[in-house]
Structures are given as structure tokens and as C-alpha cells.
Amino acid sequence: MKIQAPKGTRDILPSEIHRWQYVSNVFAGLCDCFGYKEIRIPVFEHTELFQRGVGDTTDIVQKEMYTFDDKGGRSVTLRPEGTAGVVRSYIENGMYSLPQPIKLYYDITAYRYENVQKGRYREFHQFGVEALGAAGPEIDVEIISILYMFFEKLGLKQTGLNINSIGCPACRKPYLEKLKEYFRPLLNTLCADCNNRFEKNPLRIIDCKNEGCKRFIEGAPLQLDNLCDECRIHFAGLKAGLENLGINYKIDSKIVRGLDYYTRTVFEFVSEKGGSQGTICGGGRYDGLVEMCGGPSVPGIGFALGVERLLMELDIQGVTIEEPQAPDIYIATLGQKAVDLAMDMVYKLRGCGVKAETDLMGRSLKAQMKYADKKRFSYTIVIGDDEIEAGKGVLKDMRTGDQKDVSLDSVVDRLKNQVKERDAAAR
RNA sequence: GUGAGCUUAGCUCAGUUGGUUAGAGUGCCAGGUUGUGGCCCUGGAGGUCGUGGGUUCGAUUCCCAUAGCUCACCCCA
């Protein structure tokens with residue numbers, strides 16, 4: 001069998017790595033401004049964490065987890081998302097006794113076993129943020145504003161924000177009864193999936209895409225219209241907070257979110273043209289999760305953003321990310337003495353932060369020049385026996401083709417300064 | 001889990017109505033007389049035509065199976 005990357009995984013190659021590094025850096029910089037610190041959590045956790053944290057009735061837990069027994073007979077699972085692991089770490093490391101709220105972000109891979117298609121992979125990348133300890137709508141607004149500013153910084157203009165409230169345990173119970181009452185007489189006309197959902201998670205019926213079911217969903221009671229006073233006030237606070245910052249949103253009363261732990265605020269950022277995988281980012285409040293995972297009763301809110309989908313959206317909206325700066329100087333050599341000298345020179349230059357290379361293939365001068373050209377070096381220096389004897393090298397500007405002699409003693413210092421000045425000017 | 005399309009060189013693709021050594025462009029390597037890139041020219045390396053089986057004198061081509069890729073459903077990032 002030919003060895004190749006497993007289904008649903010892919011290499012991020014040197015030719016595209018700058019796009020990934022760019023969005024990661026922008027995200028990290030922004031989180032830093034907002035006072036969020038990076039957390040790095042394990043790629044795998046005990047399976048039980050996700051069963052409890054993500055929810056037994058979710059598709060993720062029921063059919064999408066990469067679960068296996070390790071050699072000690074423990075069942076472990078590759079993380080299908082980041083929140084559960086962060087919450088586990090919050091509890092395990094006693095973060096509730098640090099100044100609250102705890103504000104964290106992460107840049108991770110996640111794993112779900114499902115059929116691949118556009119914008120969906122088995123190994124995929126997420127940027128995420130979690131804020132624990134704050135219950136009011138202000139933190140909801142802050143979390144959403146991170147994303148809003150992030151998209152703005154990246155130059156994404158057609159990315160819409162949808163928000164909803166799915167209530168708390170107190171108001172969800174009577175609502176679910178109401179919902180079931182509504183759907184009960186319709187059960188034999190609803191699809192098989194919905195019949196399944198009816199007992200396990202009736203909320204998800206509202207999300208059904210089946211045309212036959214959609215007709216009835218239109219008239220179904222919505223959680224948004226059946227919130228308790230506290231939830232209603234919270235949602236009003238969220239809306240007012242977003243308006244205060246000038247953040248546009250739409251209320252989408254059908255957002256449910258596929259994970260069990262969400263309470264009250266749920267939201268997503270969607271692409272206008274992204275097609276079936278148009279959700280770039282999803283998030284919400286999870287006030288019961290920490291307690292459910294064995295910690296104290298602490299409220300939380302967060303989001304996860306799909307990096308693959310973000311990069312797709314940048315393409316769709318025509319946002320290009322510039323290639324990193326070209327390398328500075330290539331030292332072309334003729335003869336062993338020149339090779340030795342060049343090795344010493346590039347070593348010194350690199351020590352000063354200058355991007356320098358020399359021949360490692362024993363190639364002809366012409367081939368070396370071709371290499372320098374293809375790799376887009378700004379300058380080359382040619383060194384041969386003549387130059388060493390004269391203590392001079394030929395410095396060539398690869399853009400203009402101009403050449404001049406330079407003293408080999410001073411050239412390292414001169415280049416160093418030149419690059420420093422250029423970098424300062426760029427800033 | 002279900003359905004559709006695709007699979008020939010590193011990449012993008014031709015092609016063979018079944019018949020000797022399977023092609024182009026691009027990329028890579030080397031040359032185009034003394035020590036200089038880009039344009040141009042020449043040459044070279046590189047393919048068990050996804051894999052396994054069947055039909056046939058003969059299969060890269062036809063048939064079947066299988067894997068992978070791509071897309072869609074479900075669901076999600």
C-alpha cells in the first residue's frame with residue numbers, strides 16, 4: 001500500500017504556511033489585547049471527559065470520536081473540540097482561586113471521525129476563547145467583540161453575526177414540554193431523525209433541514225419567546241451591549257448549537273457564500289459545564305473558530321495575505337577558499353538577523369545565481385580567488401542588476417546595518 | 001452511515017475506436033566555451049497509466065471489485 005496522509009488529514013506546506021501563521025498571529029495579538037492568555041491542553045483526554053462535557057446525545061460523542069484504549073487499558077479520545085479540556089484544566093489547576101474571570105485562548109487541532117467534504121476534515125484547526133467566572137452579559141459582549149474585531153482586522157466584510165438565547169435549565173424544562181406537546185401530534189409526519197430526537201433532544205427538531213419537517217417547524221414555539229425573566233434580561237443586556245459597540249447582529253431563533261452544554265447566549269458567525277459549511281465560528285454560554293465536570297458552580301462562555309473555514313472565507317472575499325519578506329543575501333562562491341569564507345560570513349550575518357545563504361550543492365556560479373534568483377534574494381555577493389586576494393567581493397543588486405566592489409572586511413557590518421535600517425523603515 | 005463524479009510524470013492535463021519504446025506544458029537538474037540570475041535555445045532525470053481480479057492472442061483503454069480523492073446529505077468548526 002502506498003503510504004499517504006490518512007483520510008481527512010492534510011499537510012500544510014511551506015508554500016501556504018504564511019497564511020496560517022498570519023491568522024494565528026493576528027488572533028494571538030488580539031487575544032492579548034483583550035487580556036486573554038494562551039493555554040495549551042493535551043491532544044487527548046479521558047473519554048469520559050467528552051462524554052460528560054460535550055454530551056452523550058450529541059453526534060460528536062455518538063459517532064465522531066477518535067476513541068481507543070491505551071496500553072494501560074484506559075479509554076482515551078482525541079479531542080473533538082477544545083472547551084471540555086480547558087474546563088478540565090480550570091478545575092484541575094484550581095483556577096477558581098485566581099482573580100476572576102479567567103480569560104483563556106487556544107490555537108489547536110481537533111479530531112472528528114466523519115466523512116470529509118469542503119470545509120470539513122477529520123483533523124482540523126480551531127482558534128478558541130473561553131472566559132470563566134463571569135455571569136453577566138458584558139462578558140458575552142466582550143467575547144463576541146473579539147471575533148468582530150478579528151474579522152475586521154483580517155479585512156472580512158461579509159461575515160454575519162447571528163445570536164440567540166436558548167434559556168437556562170429553569171426555563172428550558174417548561175419550554176421543552178411545550179415543544180413536545182406541539183410536535184407530539186405531528187410525530188408520524190415528521191422524519192425518522194426527528195422522531196428519534198423527540199425524546200432525546202427535542203430542541204434539535206427545530207434545526208431539521210428536512211423539507212417535510214420544516215413546514216411544521218415554522219409554527220413551533222421558540223425558546224426565545226419562552227425565556228424566564230433572568231434569561232430575558234440577560235439577552236436584552238447582550239443586545240444592548242452589542243449595539244453600544246456598533247456591532248451588527250441578527251437574531252436567529254433557530255440556532256441551537258450541537259453541543260449539549262450551551263445555556264442562554266448562543267451565536268455564530270456565518271459566511272454569506274460559504275455554502276453548506278458556512279459556519280465559520282460557533283460559540284455560546286455554558287453556565288452548568290464546570291459543575292457538570294466536577295468543579296464548582298462557575299459560569300462560562302466561549303467560542304471555537306474553524307481555521308480552515310476562515311482561510312476559505314478569506315479566499316472567497318478576495319483577501320490575500322502577503323508572502324513573507326524575501327531573503328536578504330546570497331553568497332556565491334568559486335573555489336574552496338571562497339566556500340570557507342562564505343560559510344563564515346553567512347554564519348555571522350545570520351547571527352545578526354540577516355537572512356543569508358550560500359551554496360551547499362557544489363554548483364557552478366551560474367547555477368548559484370539561478371538559485372538566488374528563484375529564491376528571490378535581494379542581493380548576492382560573488383567571491384572567488386581574485387576577490388579573496390584583493391579583499392573585495394562583488395555585490396549585486398538582484399532587482400536592478402547593478403554591481404559594485406565591496407571590501408570583504410566591512411561587508412558584513414554594512415549589510416547588517418542596511419537590513420536594520422530597512423526593517424526600521426518597514427515598521 | 002447514504003449518494004454522485006473523478007483517479008495517466010512533482011504539479012496541471014492530453015491520449016490510446018484494445019496493438020511495439022505512453023505524450024505536452026510547467027517544475028526539477030545540467031549545458032548554450034573564460035567567473036553572473038530573469039528572456040530564449042538544447043539535453044537529462046522522472047510514470048508498474050490508483051490497486052486487485054476478469055474478458056482477450058494482447059488491457060493504460062472494456063467489465064467487476066476495492067482504495068483514495070472531490071462534492072453532497074446528516075451534523076458541525
Side-chain angles (χ1 to χ4, degrees), chain A residues 1-10 13 15 54 57-64 79-83 108-128 147 191-194 196-197 201 204 207-211 213 255-259 268-271 274-283 302-313 330-335 338 359 361-388 393-403:
Chain A
M1 192 185 95
K2 216 176 10 176
I3 295 181
Q4 50 186 315
K7 191 189 191 84
T9 69
R10 54 179 208 163
L13 299 171
S15 58
V54 177
T57 65
T58 59
D59 275 11
I60 290 176
V61 171
Q62 282 184 351
K63 52 183 201 191
E64 295 175 1
R79 60 188 176 208
E81 51 106 55
T83 305
I108 61 169
T109 53
Y111 303 84
R112 292 183 199 170
Y113 187 89
E114 49 185 343
N115 273 344
V116 293
Q117 57 180 298
K118 196 176 180 64
R120 169 179 297 162
Y121 306 93
R122 290 184 172 179
E123 178 184 65
F124 60 101
H125 298 253
Q126 288 189 329
F127 296 156
L147 287 161
C191 69
D193 279 339
C194 284
N196 230 333
R197 290 168 180 143
N201 198 345
R204 298 251 306 272
D207 217 20
C208 187
K209 308 285 192 298
N210 191 306
E211 286 303 324
C213 302
I255 301 179
V256 173
R257 306 265 89 233
L259 284 64
E268 55 189 27
F269 279 83
V270 294
S271 164
S276 52
Q277 263 69 249
T279 307
I280 297 170
C281 171
F303 66 75
L305 181 149
V307 183
E308 284 81 358
R309 292 181 186 183
L310 176 71
L311 292 172
M312 272 170 53
E313 185 65 8
Y330 182 88
I331 303 185
T333 54
L334 282 158
D359 177 52
M361 302 277 286
R363 282 201 271 220
S364 69
L365 181 61
K366 182 174 185 155
Q368 293 183 56
M369 294 303 287
K370 279 190 176 176
Y371 176 87
D373 180 52
K374 275 181 267 198
K375 290 300 204 68
R376 297 165 38 238
F377 278 87
S378 304
Y379 294 93
T380 55
I381 295 179
V382 178
I383 301 174
D385 289 342
D386 300 348
E387 282 78 9
I388 292 174
V394 180
L395 177 69
K396 181 168 189 172
D397 183 327
M398 293 297 274
R399 197 172 48 80
T400 62
D402 295 342
Q403 295 195 159

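Lettering of chains follows the sequences in order, A, B, ..., and the numbering in each one begins at 1.
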Can A:Arg79 and A:Thr109 be said to form a side-chain contact (heavy atoms from CB on, under 4.5 Å), step by step?
CA-CA 8 Å; A:Arg79 60 188 176 208; A:Thr109 53; 3.3 Å; yes
Evaluate whether atom CZ of A:Arg10 has more than 12 neighbouring non-hydrogen atoms of other residues, nucleotides or ligands under 6.0 angstrom away.
yes
State the pairing partner of B:rU26; accept Watson-Crick or G-U wobble contacts with both distances under 3.5 Å, and report none otherwise.
B:rG10
Mind checking the P distance from B:rC6 to B:rG50? Whole angstroms is fine.
14 Å
Once you round it to whole Å, what is the distance between P of B:rU36 and NZ of A:Lys374?
16 Å
Give the intermediate values and the outcome of side-chain contact (heavy atoms from CB on, under 4.5 Å) for residues A:Gln368 and A:Met361.
CA-CA 9 Å; A:Gln368 293 183 56; A:Met361 302 277 286; over 6 Å; no
Quantified in whole Å, what is the C1' atom distance between nucleotide B:rC64 and nucleotide B:rG23?
30 Å
What is the distance, to the nearest angstrom, from the CZ atom on A:Arg10 to the C1' atom on B:rU70?
13 Å
Quick one: A:Lys7 NZ to B:rC6 P, roughly how many Å, whole number?
17 Å
Could you state the atom-to-atom distance from CG of A:Asn115 to P of B:rU2 in whole Å?
9 Å
For A:Ala110 against A:Gln126, the heavy-atom pair lying closest together
CB-OE1, 4.4 Å
Report which part of the nucleic acid A:Ala372 touches: base, sugar-phosphate, or nothing (heavy-atom distance under 4.0 Å, all strands).
nothing
Non-hydrogen atoms of A:Met312 and A:Gly119 that approach each other most closely:
SD-CA, 3.7 Å
Ignoring backbone atoms, establish whether A:Arg309 has a side-chain N or O less than 4.0 Å from OP1 or OP2 of B:rC76.
no
Would you mind classifying the nucleic acid contact of A:Arg363 as base, sugar-phosphate or nothing, using non-hydrogen atoms under 4.0 angstrom?
sugar-phosphate
Is the backbone N or O of A:Met369 less than 3.5 Å from a side-chain atom of A:Arg363, with the two atoms forming a donor-acceptor pair by type?
no
Just call it for A:Val394: base, sugar-phosphate, or nothing, with non-hydrogen atoms closer than 4.0 Å on any strand.
base
Between A:Lys118 and B:rA77, does any side-chain N or O lie under 4.0 Å from OP1 or OP2?
no
For atom CZ of A:Arg120 and atom P of B:rC69, their distance in whole Å
15 Å
Can a donor-acceptor pair under 3.5 Å be found between the side-chain atoms of A:Glu387 and the base atoms of B:rG35?
yes
B:rC71 to B:rU56 separation - C1' atoms, rounded to the nearest Å
36 Å
Integer angstrom distance from the P of B:rC11 to that of B:rU17
27 Å
On RNA chain B, more 5' by nearest nucleotide between A:Thr9 and A:Gly282 is A:Thr9
Between P on B:rU34 and CG on A:Leu365, what's the gap in Å once rounded to a whole number?
11 Å
What distance, rounded to whole Å, do you find between the two C1' atoms, one in B:rC73 and one in B:rU61?
34 Å
Is_stacked (A:Tyr371, B:rG37) at 5.5 Å, 30 deg
no
Considering every strand and a 4.0 Å limit on heavy-atom distances, what is the contact class for A:Gly119: base, sugar-phosphate, or nothing?
base
side-chain N/O A:Lys366 vs B:rG31 OP1/OP2, d < 4.0 Å
no
Per A:Lys63 side chain, nearest of listed nucleotides B:rG37, B:rC74, B:rC76:
B:rC74
By the 4.0 Å heavy-atom rule, please label A:Leu310 as base, sugar-phosphate, or nothing.
nothing
Write down the partner of B:rU2 under the Watson-Crick or G-U wobble criteria, each distance required to be under 3.5 Å.
B:rA72
For the C1' atoms, the ones on B:rG10 and on B:rG46, what distance do you get once it is rounded to whole angstrom?
9 Å
Return the nearest nucleotide to the side chain of A:Ala367; candidates are B:rA77, B:rG37, B:rA30.
B:rA30
Distance between C1' atoms of B:rG15 and B:rU8 (Å, rounded):
9 Å
Regarding A:Tyr111 and A:Glu123, do their side chains bring together a donor and an acceptor under 3.5 Å, going by distance alone?
yes
Using Watson-Crick geometry (N1-N3 plus N6-O4 or O6-N4) or G-U wobble (N1-O2, O6-N3), each under 3.5 Å, B:rU61 is paired with none
Is there a donor-acceptor contact under 3.5 Å linking the side chains of A:Glu313 and A:Ser271?
yes
With P as the reference atom in both, quote the distance from B:rU42 to B:rA14 in angstrom, rounded to an integer.
25 Å
A:Gln117 side chain near B:rA72 phosphate (N/O to OP1/OP2, under 4.0 Å)
yes
Would you say the base of B:rA77 and the side-chain of A:Glu114 have a donor-acceptor pair closer than 3.5 Å?
yes
Let me know the distance between CD of A:Gln368 and P of B:rG31, rounded to the nearest Å.
11 Å
Whole-Å gap separating C1' (B:rA77) and CD (A:Glu313):
13 Å
For B:rG35, which nucleotide is its Watson-Crick or G-U wobble mate, given both distances must be under 3.5 Å?
none
Pair partner, B:rG47 [Watson-Crick or wobble, under 3.5 Å]:
none
So which one's nearest nucleotide on RNA chain B is more toward 5', A:Gln126 or A:Phe377?
A:Phe377
